[in-house]
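Notes for the one structure printed next.
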Amino acid sequence: MKLKAIELEKSYDPKEFEQRLYEEWKKKGLFAPNGDSNAPKYSVVMPPPNVTGILHMGHALNNTLPDILVRYHRMKGEDVLWVPGTDHAGIATQNVVERFLLKEGKTRQQLGREAFLKRTWEVKEKHHDIIAMQLETIGCSCDWKHERFTMDEGLSHAVREAFVTLYERGLIYKGNYLVNYCPKCGTALADDEVEYKEIPGKLYDVRYPYSDGSGFITVATTRPETMFGDVAVAVNPDDERYKDVVGKMLVLPLTDRQIPIIADSFVDIAFGTGMVKITPAHDPNDYQCGKRHGLEAINILNPDGTLNDNCPEKYRNLGVLEARKLVIDDLKTQGYYIGEKDHSHEVGHCYRCGTVVEPYLSEQWFVKMDTMAQKALDAWRNDEVRFFPKKWENTYVHWLENIKDWCISRQLWWGHRIPVWYCNECGNMMVRREDPTCCEKCGSSHIRQETDVLDTWFSSWLWPFSTLGWPEVTPDLKRYFPTDSLVTGYDIIFFWVSRMIMASLEFLGKVPFRDVFLTGLVRDKLGRKMSKSLGNGIDPIEVVKLYGADAMKFTLAHSCTQGQDILIDMDSFKMGSRFCNKIWNAARYLLMNLDGVTLKDFKEVKLGTMDKWIIQQLNQASRKVGEGLESYKFNEAAQAIYEYFWNDYCDWYIEASKDSFYSADQDKKDNSMTILLEILKKSLLLMHPFIPFITEEIYSKLPNTDGYCMTSSYPLFDSSIDYSFEAKLVSTMQEAVRLVRNVRGDIQIPLDKKIHVVIRPDSADDAASFMEEKKSLFAGFMTCDRLEIDTDRKLDVKNALPVAGSGFNVFVFVKDAINVDDEISKLEKDIAKNKASLTQTLAKLSNEKFVNNAKPEVIEKEKGKQAEFEEKIQKAEQHIKALRSF
RNA sequence: GGCGGCGUAGCUCAGUGGGAGAGCGAUAGUCUUACACACUAUUGGUCAAUGGUUCAAAUCCGUUCGCCGUCACCA
């Protein structure tokens with residue numbers, strides 16, 4: 001059957017088809033697992049983005065990479081599940097909604113818990129749709145039917161099960177402890193939710209008088225306002241200066257309280273005055289010190305960060321900074337103030353809102369982490385989980401080895417309310433999977449639920465199995481847990497990765513994933529983290545609008561090297577865009593030339609040298625892509641694709657095919673087109689995981705395809721293909737072509753000026769006959785009108801510029817255009833360079849130690865180099881002679 | 001302070017024991033029957049410095065300098 005030409009748009013325009021194809025894939029259910037229980041399964045969970053956020057480049061990256069993996073495995077015929085979903089992000093979301101309320105002049109307290117939550121769910125729904133749309137826009141082939149949300153019914157069930165189980169195992173406890181507290185967010189934070197930043201501050205020297213009126217001592221403090229919580233002053237027991245004063249009492253200035261001087265070895269003799277005020281309720285070191293000495297902890301702050309009733313009346317309800325000023329003024333006027341000096345120190349800030357975090361003594365819930373951490377370490381030691389790149393294992397191990405208990409209660413409304421009830425009558429506490437209706441002890445129905453909610457990470461750490469139905473043992477859980485790969489940023493190793501491993505081991509006895517691939521962070525060209533406040537972020541959706549999702553994905557994959565952050569700007573994505581345009585035009589070219597072509601059965605087509613060569617190159621590219629993906633070297637895989645398609649398929653193979661394309665021989669053309677299309681089809685399949693849309697679109701237009709690109713089988717490396725012989729011939733041809741082009745470029749002969757070239761092989765070998773056979777093709781590549789292969793060495797080349805190749809000489813008839821002296825001096829430089837290389841090689845080969853120690857293939861290679869250098873030198877010397885006789 | 005990373009072409013980065021690479025840029029030419037988002041050619045590097053191991057080092061080890069990240073800290 002004779003084909004008709006197919007028109008593609010003149011240039012690549014992803015807007016034409018990306019969205020359409022996504023809808024089609026989705027409608028046809030191609031994202032769902034194939035359900036083939038005989039095939040291996042491959043499962044991945046998406047790191048759930050914050051439901052009130054907007055996707056940034058980091059999300060684009062850590063969803064692009066799993067998409068590549070997932071599409072690759074899907075095409076390999078595996079039963080693939082990629083679970084998408086979102087995270088309720090307690091603090092962040094509550095902040096967002098409170099900001100909305102503020103604009104309406106309301107607070108959440110005015111609204112009440114119920115109404116506030118209703119409002120938050122509405123915001124969640126709206127934002128969720130935006131995020132889902134964004135994930136679709138960037139082409140994620142996740143199974144939307146499996147989509148989950150950390151606060152949906154099933155996951156809430158899982159959270160409750162996890163909490164109660166841990167409580168029953170004695171791994172959850174409640175207590176009054178010093179925690180990190182954000183006054184702005186109004187909640188406790190876990191240790192790792194605090195970011196330390198260096199802040200310029202002051203170190204104040206303050207006088208504390210002895211109670212007996214015998215003088216005073218001097219303490220140094222950065223936070224004078226906390227003095228109302230002071231319960232002692234400590235000195236180092238080895239500090240000779242203060243040996244005698246330990247045990248004496250002091251009067252706390254601005255108050256009428258008395259506090260003792262105690263001895264504790266944590267005090268640094270060399271720092272400040274060597275005397276430290278001890279404020280157990282507001283400093284972690286002081287807290288420990290207070291515990292050691294059985295001291296009371298006086299809390300001086302209200303939950304909103306203002307001073308409370310434990311302070312003298314005039315300071316109450318002032319903010320910390322305000323109070324600090326007033327305290328300093330009062331110390332000055334009352335003669336207790338000695339002086340101050342600049343002192344920069346690390347101050348903790350809330351990772352969600354940036355407010356200075358207060359150490360705050362309060363009733364909180366904790367998870368005991370040591371045994372779980374131990375299990376997580378063992379799993380790593382037993383090689384049950386692998387990190388890519390490996391260096392992050394240090395971070396993981398170090399964190400687990402120094403783990404502290406995890407504060408999981410948050411004084412928020414948005415989140416999983418802690419499943420604990422108290423009886424108002426008898427004070428009984430109940431930890432329950434189901435909501436109780438009355439006190440189990442006294443039968444009273446006057447019970448109340450704990451008002452705190454759980455840390456969001458307490459639901460995320462269950463994600464790899466809660467999304468699959470846990471605690472129910474569902475078919476999904478049985479089939480897809482543990483998952484295979486996790487792709488996420490290294491900044492959440494503690495928050496998420498480590499904790500998921502702990503939870504999976506604790507609840508299911510298995511690690512949640514075999515491999516963890518940790519991406520670098522996406523930064524701007526100056527290396528700065530992309531952030532809203534700097535305004536240096538790139539919106540992935542804008543990138544898609546400008547260049548298309550494929551261009552974005554390919555560029556990201558291409559720049560994704562292990563262990564490096566990715567520095568990019570908007571222009572960086574041109575790379576991917578150009579590549580897509582190249583692919584588009586290659587296809588366009590073939591399709592426009594289909595007219596009158598009858599495709600043959602590829603298996604029956606006779607393959608020529610060039611055909612075997614491109615098959616070899618394609619197969620080698622498959623190998624590199626496979627190896628790259630199996631080891632998470634996305635850049636290597638993407639580069640292999642780029643080089644293969646652009647340099648081999650477009651620049652040489654398609655160009656070479658033009659020879660038969662424009663010949664009058666229809667059979668030759670049919671033959672050529674059949675192979676071109678077959679190779680294009682395989683190339684599209686190979687590239688599909690990286691650039692799904694354009695490959696699917698072109699695939700659908702090809703006359704030799706049916707079905708979907710995304711569900712066709714992947715062109716894996718075939719070890720039975722070996723066309724290295726043909727590869728050698730073609731590379732000799734390419735060398736000859738390049739040499740002629742060099743001459744043309746060097747002496748600036750315009751393309752329209754045809755030239756006469758003679759290639760004289762050193763011997764009548766395979767390369768010589770290949771060149772003879774493909775003479776007209778060569779002539780095309782060289783743009784010369786007259787090409788002769790002088791295998792018999794009979795032609796007169798006396799007046800031609802000689803150029804040395806490996807195994808042949810090229811003679812270009814451009815006598816009039818060259819400057820003989822220039823050419824000679826070029827050759828002399830060449831000789832000098834090759835002689836230097838030859839000397840090195842000879843030195844190696846004559847070195848007994850080298851010959852004895854080096855691997856045989858290295859020695860062989862070195863011998864090859866020797867021959868090559870000698871050949872080049874000898875040829876160049878001959879050529880100089882020839883030139884002198886011009 | 002502990003741990004870790006980085007320093008390779010003008011820029012962004014690959015390369016981890018055997019002849020220095022890519023993309024972008026720059027320069028020169030070309031609208032050569034798909035692609036000017038293209039083609040062809042050229043340019044460009046003491047592989048931070050220094051010492052060592054080795055027949056052989058950008059690559060392994062030591063030291064120094066510079067940059068960065070983390071964790072832990074001093075009131």
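Below, chain A is the first sequence line, B the second, and so on; all start at residue 1.
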Residues which pass ring-ring contact (aromatic ring centres under 6.0 Å, His included) with Y208(A), listed by chain and number, not counting sequence neighbours: none

What distance, rounded to whole Å, do you find between the two P atoms, one in U50(B) and one in A38(B)? 41 Å

Centroid separation Y351(A) to F495(A) less than 6.0 Å: yes

Has N742(A) got a side-chain N or O lying under 4.0 Å from the OP1 or OP2 atom of U42(B)? yes

What is the distance from CG of L400(A) to P of C71(B), rounded to the nearest Å? 14 Å

What distance, rounded to whole Å, do you find between the two C1' atoms, one in G45(B) and one in G5(B)? 23 Å

With rounding to whole Å, what would you report as the distance between U42(B) and C3(B) at their P atoms? 49 Å

Take the protein atom OH of Y396(A) and the nucleotide atom P of G5(B), then report the distance between them rounded to whole Å. 20 Å

Counting only side-chain heavy atoms from C-beta out, which of U40(B), A72(B), G4(B) sits nearest to K391(A)? G4(B)

Taking the P atom in each of G69(B) and A26(B), what is the distance between them to the nearest angstrom? 32 Å

Would you say K582(A) reaches A34(B)'s phosphate, i.e. side-chain N/O to OP1/OP2 under 4.0 Å? no

Using the side-chain heavy atoms of N585(A), tell me which of these nucleotides is nearest: A75(B), A34(B), U42(B). A34(B)

Counting Watson-Crick and G-U wobble pairs only, both distances under 3.5 Å, name the nucleotide matched with A38(B), or none. U30(B)

Please report the distance, rounded to the nearest Å, between CD1 in I698(A) and C1' in C35(B). 12 Å

Checking the side chain of S846(A) only, and the main-chain atoms of A843(A) only, is there a donor and an acceptor separated by less than 3.5 Å? yes

Could you give the distance separating C55(B) and U63(B) at their C1' atoms, to the nearest angstrom? 26 Å

I'd like a list of close polar pairs between nucleotides 7-18 of chain B and the protein, N/O only, cut-off under 3.5 Å.
from, atom 1, to, atom 2, distance (Å)
A14(B), OP1, T561(A), OG1, 2.8

For nucleotides A41(B) and A57(B), find the distance between their C1' atoms and express it as a whole number of Å. 34 Å

Taking NZ in K826(A) as the centre, count heavy atoms belonging to other residues, nucleotides or ligands within less than 6.0 Å. Is the count above 12? yes

Rounded to whole angstroms, how far apart are OH on Y653(A) and C1' on A34(B)? 16 Å

Which whole number of Å gives the distance between the P atom of U43(B) and that of U33(B)? 28 Å

Is any NZ, NE, NH1 or NH2 atom of the basic residue among E627(A) and K624(A) found under 4.0 Å from an Asp or Glu carboxylate oxygen of the other? no

Candidates G23(B), A75(B), C37(B) - which lies nearest the side chain of S577(A): C37(B)

Closest nucleotide of RNA chain B for N647(A) versus for F579(A): which of these residues is on the 5' side? N647(A)

Heavy atoms from other residues, nucleotides or ligands near CD of E857(A) exceed 12 (cutoff 6.0 Å): yes

Could you tell me whether K658(A) and E655(A) have a side-chain N and a carboxylate O separated by less than 4.0 Å? yes

Answer for the Watson-Crick or wobble partner of G23(B), both distances under 3.5 Å, is C11(B)

Is the distance from OP1 or OP2 of C24(B) to the nearest side-chain N or O of R578(A) less than 4.0 Å? yes

What is the base-pairing partner of G66(B), counting Watson-Crick and G-U wobble geometry with both distances under 3.5 Å? C6(B)

Please tell me which of the listed nucleotides, C35(B), G4(B), C39(B), lies nearest to the side chain of W646(A)? C39(B)

